[in-house]
Amino acid sequence: MKTAVISGGNGGLGRALATKLEANGWHCVLMDINTTGLDTTATRTPIAVDLTDTASLHQAAKNIIAQRPSVDLVIYNAGVSQIAPFADSDADSHRRVFEINYFAAVEMARAFLHPIRDSGGTHLAISSVAGFAPLHARTAYAASKHAMQGFFTSLRSEEAAQGVRCLIAAPSFVATNIGNAERSADGVVRPGSASDGIDYMTPDAAAEVILSGLNRGQEFIPVGRVARIASLLMRASPRLYQHMMRRKIKAGETPN
């Protein structure tokens with residue numbers, strides 16, 4: 001039985017990805033800071049860990065590697081958003097977004113680098129439209145996702161000789177936490193809680209697109225109509241994309 005490790009495994013998209021993988025014969029290890037509601041089963045192992053605590057993350061990874069016959073897929077799904085103008089945010093909140101969205105993913109990749117090489121497996125980064133395009137009132141979030149995408153794109157070239165794939169999925173707006181933002185004073189919110197989004201997808205629909213791209217070995221997987229259009233517009237006319245983004249997102253102006 002192949003093993004997938006999913007960070008942010010207790011979120012809506014993490015659960016949807018796990019359910020679909022398990023239905024296809026995978027064992028899923030779901031890593032999250034809070035695993036309440038996740039049961040241990042023959043196909044599922046929840047692991048409670050703060051991914052921003054590097055020592056705890058590496059210890060959890062060692063335990064997983066020791067317990068599973070192989071690690072064949074790592075999905076970097078954990079993340080937060082921050083919705084606030086740059087002028088209203090501070091350095092600490094910017095760093096907090098990067099710690100969760102970028103540095104935790106980098107350390108997770110480091111922890112599972114050799115097991116993925118051993119299995120000829122896959123790193124699958126869950127980025128965002130904000131990973132390749134600007135997004136109004138989300139400077140820290142967009143920067144962290146750009147960094148994440150740059151890291152995994154570069155890692156792809158290094159790991160190809162090891163028989164390892166590095167894929168990137170870029171969802172637009174996935175409705176995972178609508179009405180449950182748990183917004184902090186610095187504007188940091190749970191992912192998928194934006195009230196100013198466009199053309200929301202369900203977690204199940206997003207997971208279906210992502211895993212279809214995984215099965216095809218698609219290096220870049222735009223997830224949803226908005227992501228596909230944004231990808232095309234950013235290549236054809238970044239200026240037009242920015243105009244449309246400002247008009248659509250700023251019009252809502254109720255950040256996440």
Side-chain angles (χ1 to χ4, degrees), residues 6-14 17 31-33 49-54 57 74-112 123-156 166-174 176-177 181-194 196-197 206 210 219-224 226-227 230-231 234 238 241-242 245 249 255-256:
I6 306 174
S7 69
N10 204 15
L13 182 56
L17 289 164
M31 304 176 75
D32 210 305
I33 195 167
V49 60
D50 180 352
L51 297 173
T52 65
D53 182 333
T54 301
L57 169 57
V74 180
I75 303 180
Y76 304 84
N77 174 62
V80 295
S81 187
Q82 183 190 40
I83 308 183
F86 178 67
D88 296 342
S89 62
D90 60 20
D92 287 343
S93 65
H94 204 102
R95 288 190 176 95
R96 180 182 170 199
V97 172
F98 262 77
E99 286 293 340
I100 298 170
N101 292 3
Y102 176 72
F103 287 110
V106 169
E107 285 308 309
M108 193 170 170
R110 195 187 311 280
F112 289 106
H123 299 279
L124 173 56
I126 307 300
S127 181
S128 165
V129 168
F132 62 84
L135 193 55
H136 181 75
R138 293 164 173 82
T139 49
Y141 177 71
S144 69
K145 289 297 186 178
H146 271 70
M148 182 196 205
Q149 205 155 313
F151 171 77
F152 281 102
T153 302
S154 299
L155 186 66
R156 177 186 299 149
C166 292
L167 313 181
I168 297 168
S172 46
F173 293 92
V174 181
T176 53
N177 290 299
E182 296 184 4
R183 185 186 183 96
S184 62
D186 56 12
V188 174
V189 296
R190 299 182 71 184
S193 61
D196 62 346
I210 292 168
E219 291 185 347
F220 178 71
I221 309 165
V223 183
V226 171
S231 179
M234 277 299 293
Y241 172 84
Q242 292 217 40
M245 178 271 297
I249 300 294
N256 240 52

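All residue numbers in this chain count up from 1 along the given sequence.
With salt bridges taken as basic N to acidic carboxylate O contacts below 4.0 Å, none links Arg96 and Glu99.
Of the possible polar contacts, none joining the Asn10 side chain to the Asp32 backbone as a donor-acceptor pair under 3.5 Å is found. Panel note: side chain Asn77, backbone Gly8; a donor-acceptor pair is recorded below 3.5 Å. The closest donor-acceptor contact from the side chain of Ser93 to the backbone of Asp90 lies under 3.5 Å.
In plain terms, the two heavy atoms of Met148 and Ala105 that are nearest each other are CE-CB, 4.3 Å. Considering every non-hydrogen atom in both Val174 and Pro171, the closest pair reads CG2-CB, 3.7 Å. Nearest heavy-atom pair, Ser172 versus Gly224, reported as atom, atom and distance to 0.1 Å: OG-CA, 4.5 Å. What you find for Ile100 and Gly79 is that their closest heavy atoms are CG2-CA, 3.9 Å. Closest approach of Val97 to Val80, counting heavy atoms only: CA-CG2, 4.3 Å.
By the ring-ring contact (aromatic ring centres under 6.0 Å, His included) test, Phe98 is found to be paired with His94, residues two or more places apart in sequence or in another chain being considered. Qualifying side chain to side chain contact (heavy atoms under 4.5 Å, CB included) partners for Phe220, counting only residues two or more places apart in sequence or in other chains: Phe132, Gln149, Ile168, Ala170, Pro222, Ser231. Contacts of Tyr241 classified as side chain to side chain contact (heavy atoms under 4.5 Å, CB included), with partners at least two apart in sequence or in another chain: Val129, Ala133, Pro134, Ala230, Leu233, Met234, Met245. In this structure, the side chain to side chain donor-acceptor pair (under 3.5 Å) partners of Asn101, at least two apart in sequence or on a different chain, are Ser144. Scanning for side chain to side chain contact (heavy atoms under 4.5 Å, CB included) contacts around Ala169 gives Leu124, Ile126, Ile210, Ile221, Val223, with sequence neighbours left out.
Residue Ser7 holds its OG atom at 12.5 Å from CD1 of Ile33, rounded to the nearest 0.5 Å. Note that CG of Leu51 and CG of Leu57 are 5.5 Å apart. Values are rounded to the nearest 0.5 Å. With rounding to the nearest 0.5 Å, the separation of CZ in Arg110 from CG in Leu155 is 10.5 Å. The distance from atom OG1 of Thr54 to atom CE of Met108, rounded to the nearest 0.5 Å, is 13.0 Å.
Under the 3.5 Å distance criterion, with hydrogens and angles disregarded, no donor-acceptor pair is assigned to the side chains of Gln82 and Ser89.
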* To do: Please test Ser127 against Phe152 for side-chain contact (heavy atoms from CB on, under 4.5 Å), starting from the C-alpha separation and ending with a verdict.
  => CA-CA 10 Å; Ser127 181; Phe152 281 102; over 6 Å; no
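By the 30° and 60° cut-offs, the orientation of the rings of Tyr102 relative to Phe151 is perpendicular.
Residue pairs satisfying the salt bridge (Lys or Arg N to Asp or Glu O under 4.0 Å) criterion with at least one member in residues 139-156, sequence neighbours excluded, are listed as follows: Arg156-Glu219.
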